[in-house]
Amino acid sequence: MPAAREVPRFDPVRVRGGRVGRLVRHRRRALAVGLAVTATALVAAGPRGSDGARGHPRAQPPAHAAPVSGEQPVRTRPAGAVTAPVRIADAATVRLLRPGDRVDVIAAEETVSGGDARVVARGARVTKVPEPLEGASDGGALVVLSVPRATAARLAGASTTARLAVTLW
């Protein structure tokens, strides 16, 4: 066993200038930074404008689609989708819809043995709800939907033989 040596006396080591130590010493500044970051996150994740889809964030057009002064804004829709004007039998139901809402379109056919209903389009996005024309007969109301091309063909076919209704998602 080696001989015991005396350990020289050292002053305590103090670390200065670390980021954590600085933040602890400047609690007010750290609290202000934390609150600012939290507020920014809440604003970014918060609800969008009131004219967007209920329960869904409003889609913002891409930056390259920004209109030049005097031009109409470019409307975007999902790839492969077409706009399909559809006459819904109950005009009061159409007044509940807003652009951006998702709906299922149901065709109700009246037969001798009773009524038969089937879903013609699922999850169709409402793109426009035109104002009703004055003096128009009570033949329902028009709504413009964004749907795939095949679904648009089914909607057009169903509207000739059945009364159409919508259910809001």
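As the structure is a computational prediction, the values presented were derived from the model and not from experiment.
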Mind checking the [atom1]-[atom2] spacing from [X] to [Y]? Nearest 0.5 Å is all I need.
{"X": "I88", "Y": "R95", "atom1": "CD1", "atom2": "CZ", "value": "13.5 Å"}
{"X": "R102", "Y": "L145", "atom1": "CZ", "atom2": "CG", "value": "10.5 Å"}
{"X": "L96", "Y": "D101", "atom1": "CG", "atom2": "CG", "value": "9.5 Å"}

Q: Please check if L168 and V94 belong to a single hydrophobic cluster, counting links between Ile, Leu, Val, Met, Phe, Trp and Tyr side chain heavy atoms closer than 4.5 Å.
A: yes
**Q.** Hydrophobic cluster identity match, V147 and V129, side-chain contacts under 4.5 Å
**A.** yes
Q: Check the pair V126 / V103 against side chain to side chain contact (heavy atoms under 4.5 Å, CB included), numbers first and verdict last.
A: CA-CA 7 Å; V126 175; V103 295; 4.1 Å; yes
**Q.** Residues clustering with L35 (ILVMFWY side chains joined when closer than 4.5 Å, directly or via others)
**A.**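 Its cluster mates, by chain and number, are L31.
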Q. Apart from V119 itself, which Ile, Leu, Val, Met, Phe, Trp or Tyr residues share its cluster (side-chain heavy atoms under 4.5 Å, direct or through members)?
A. I106
Ignoring hydrogens and angles, write down the donor-acceptor pairs under 3.5 Å from the side chains of residues 157-166, residues two or more places apart or on other chains.
| residue | atom | partner | partner atom | Å |
| --- | --- | --- | --- | --- |
| S159 | OG | L155 | O | 3.4 |
| S159 | OG | A156 | O | 2.8 |
| T160 | OG1 | G157 | O | 2.7 |

(Q) Using every non-hydrogen atom in the two residues, find where P85 and T83 come nearest and quote the distance to one decimal. (A) CD-O, 4.0 Å
Q) So, for T127 and P99, which heavy atoms are closest and what is the spacing to 0.1 Å? A) O-CB, 3.7 Å
(Q) Heavy-atom count check: over 12 atoms from other residues, nucleotides or ligands less than 6.0 Å from R122 CZ? (A)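 Atom CZ in R122 is not packed in, count stays at 12 or less.
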Q: Among residues two or more places apart or on two chains, list those pairs meeting side chain to side chain donor-acceptor pair (under 3.5 Å) that have a residue in residues 149-158.
A: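 Sorted result for residues 149-158: T151-R154.
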Q: List for me each residue that meets salt bridge (Lys or Arg N to Asp or Glu O under 4.0 Å) alongside R118, sequence neighbours excluded, and say none if there are none.
A: E109
Q. For A41, which residues count as a side chain to side chain contact (heavy atoms under 4.5 Å, CB included) partner, sequence neighbours excluded?
A.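 Partners of A41 under the side chain to side chain contact (heavy atoms under 4.5 Å, CB included) test: none.
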Q: Would you sort out whether D104 and W169 count as a side chain to side chain donor-acceptor pair (under 3.5 Å), showing the intermediate values?
A: CA-CA 7 Å; D104 288 344; W169 277 26; 2.8 Å; yes
